[in-house]
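Have a look at the structure below before the remarks.
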Number of protein chains: 2
Amino acid sequence: MREYYSITELTREFDISTRTLRFYEDEGLVQPVRRGRTRLFRPSDRHLIRQIMRGKRLGFSINEIREIIQMYREPPGEVGQLKLMIKRIEEKREDLRQKRRDLEETLAELDQAEESCVERLVELGVNT
Amino acid sequence: MREYYSITELTREFDISTRTLRFYEDEGLVQPVRRGRTRLFRPSDRHLIRQIMRGKRLGFSINEIREIIQMYREPPGEVGQLKLMIKRIEEKREDLRQKRRDLEETLAELDQAEESCVERLVELGVNT
DNA sequence: CACGCGATTTACGTAAAAGTCAATCGAGCA
DNA sequence: TGCTCGATTGACTTTTACGTAAATCGCGTG
C-alpha cells in the first residue's frame with residue numbers, strides 16, 4: 001500500500017482533471033495533506049475518490065455524495081444522532097432500490113429493443 | 001385508456017413543472033399535439049415522460065435519455081443502421097451494468113454502515 | 001360581454017459541476 | 001544562477017436543466 005499519491009497520478013487513474021480534485025477538496029470530500037503547497041493524497045483519499053466516482057455514475061449530486069460518505073464513517077456516539085443516522089441510511093437505501101427498479105426496467109426494454117433489431121436483420125437475410 | 005392529458009395533469013402525476021415539460025418538448029423528447037396553442041399529451045407522450053423520469057433518476061443527461069428513447073423506437077430499415085443501433089444498445093447496456101455494480105456496492109456498504117449503527121445502539125443498551 | 005383562470009410565449013436568471021486561462025511558485029538540475 | 005516543469009491559486013467562463021417573471025391568449029361561466 002503506497003503512502004502517498006500525487007494529484008496527476010489520481011487524475012490519470014480516475015480519468016478526471018486536477019480542477020475536479022481541487023473542487024472536491026474545496027467541497028470537503030477529500031482532505032489531502034500538504035508538503036509545502038503540494039497536495040499529497042493518501043490511500044484513504046484514493047478510496048474516497050473511488051466512492052465519489054461511484055456516486056457520480058449513479059447520478060448523485062455532490063451534496064448527496066457528501067451525505068453518503070458521512071454514513072460510511074464511524075457511527076456517532078449519541079443515541080439521537082444514531083437513530084437519525086439509521087433513518088437517513090434507510091432513506092438512501094430506498095433511493096437506491098428505486099434506482100435498481102429503474103435500472104432493471106431500462107435493461108429489459110433495451111434487451112427487447114436489441115431483439116427487435118436482430119429480428120429485423122434476420123428478416124433482411126443478413127448472416128448473423 | 002385516456003385519449004389526452006393536459007399539461008397540469010402530467011405535472012401533478014410526475015411532480016414536475018410545466019416549464020420542464022415544455023423544455024422536454026423543445027428538446028424533442030415529447031411531441032404533444034395542439035388544440036389551438038394548447039398542448040394535448042397522448043398516452044404515448046405520457047409513457048415517454050415515464051421513461052424520461054426513469055433516465056433522470058439513473059443520472060442520465062437529456063442527451064443520453066434522447067439516445068435511449070430512440071433505441072426504443074422502430075428499428076431502422078437499413079442494415080448498416082441496424083448494426084450501428086445494435087452496437088449502441090450494447091454500449092448502453094454495458095453502461096447500465098456498470099451502474100448496477102456501483103449500486104450493489106453502495107447498497108452493501110450502506111448495509112454495513114447501518115449494522116455498525118445498530119451495534120453501537122446495542123452497546124449503549126438501547127432497547128431496540 | 002366581462003372576467004377569471006389556466007396555458008402559452010419570450011426572455012432573462014440561476015445553481016451545480018466543473019473547464020479554462022494567466023500568473024506564480026518551488027524543487028531539481030545543468 | 002538560470003531554466004524547466006509540474007503544481008497551485010484565483011478569477012472568469014461554460015454547460016445543463018430548468019426557474020421565474022411579464023405579457024398575452026383564449027375558453028367557459030355568470
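Throughout, a chain's letter reflects where its sequence line sits, starting with A, and its residues are numbered from 1. In this text, all values refer to a predicted model and were calculated from it rather than measured experimentally.
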* **Check against side-chain hydrogen bond (donor to acceptor under 3.5 Å, both in side chains), A/Gln51 and A/Arg54** => CA-CA 5 Å; A/Gln51 290 172 331; A/Arg54 253 178 20 201; 5.9 Å; no
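- Taking a cutoff of 4.0 Å between a charged side-chain nitrogen and a carboxylate oxygen, A/Arg39 and A/Glu25 qualify as a salt bridge.
- A/Glu123 CD: more than 12 foreign heavy atoms inside a 6.0 Å radius.
- If you measure from atom CG of A/Leu10 to atom C1' of D/dG6, you get 15 Å, rounded to the nearest angstrom.
- Within the nucleic acid shown, B/Ser17 comes within 4.0 Å of sugar-phosphate atoms alone, with no base atom in reach, counting heavy atoms only.
- Nucleotides of DNA chain C with any atom under 4.0 Å from a heavy atom of chain A span, from 5' to 3', C/dA17 to C/dC25.
- Remark: A/Arg12 is not positioned above the aromatic ring of A/Phe14, lacking an NZ or CZ atom under 6.0 angstrom from the ring centre and at most 45 degrees off the axis.
- As rounded to whole Å, 8 Å separates atom P of D/dT8 from atom CD of A/Glu25.
- In this structure, A/Thr8 reaches the sugar-phosphate backbone alone: every heavy-atom distance under 4.0 Å involves primed, P, OP1 or OP2 atoms, never a base.
- To the nearest angstrom, P of D/dT8 lies 17 Å from CZ of A/Phe23.
- Contact annotation for A/Arg34: backbone-only contact, meaning every heavy-atom pair under 4.0 Å involves sugar-phosphate atoms and none involves a base.
- When each of B/Lys56 and B/Gly36 is assigned the nucleotide of DNA chain D bearing its nearest heavy atom, the one mapping closer to the 5' terminus is B/Lys56.
- Within the 4.5 Å cutoff, the side chain of B/Ser17 has no heavy atoms near those of the B/Thr11 side chain.
- Annotation for A/Asp26: atom CG counts as buried by contact number, over 12 foreign heavy atoms lying within 6.0 Å.
- Note on B/Arg39: only backbone sugar-phosphate atoms sit closer than 4.0 angstrom, heavy atoms only; bases stay farther off.
- Within the model, atoms CD of B/Gln112 and CD1 of A/Ile89 stand 11.0 Å from one another, a figure rounded to the nearest 0.5 Å.
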For nucleotides 21-26 of chain D, which of its nitrogen or oxygen atoms have a protein nitrogen or oxygen under 3.5 Å away, and what is each distance?
{"unit_1": "D/dC25", "atom_1": "O4'", "unit_2": "B/Arg37", "atom_2": "NH2", "d": "3.3"}

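- D/dA7 atom P lies 11 Å from atom CZ of A/Arg35, rounded to whole Å.
- Between the side chains of B/Asp102 and B/Gln98, at least one donor-acceptor pair of N or O atoms lies under 3.5 Å.
- A donor-acceptor pair is defined here as one N or O able to donate and one able to accept, closer than 3.5 Å; such a pair exists between the side chain of B/Lys99 and the backbone of A/Arg57.
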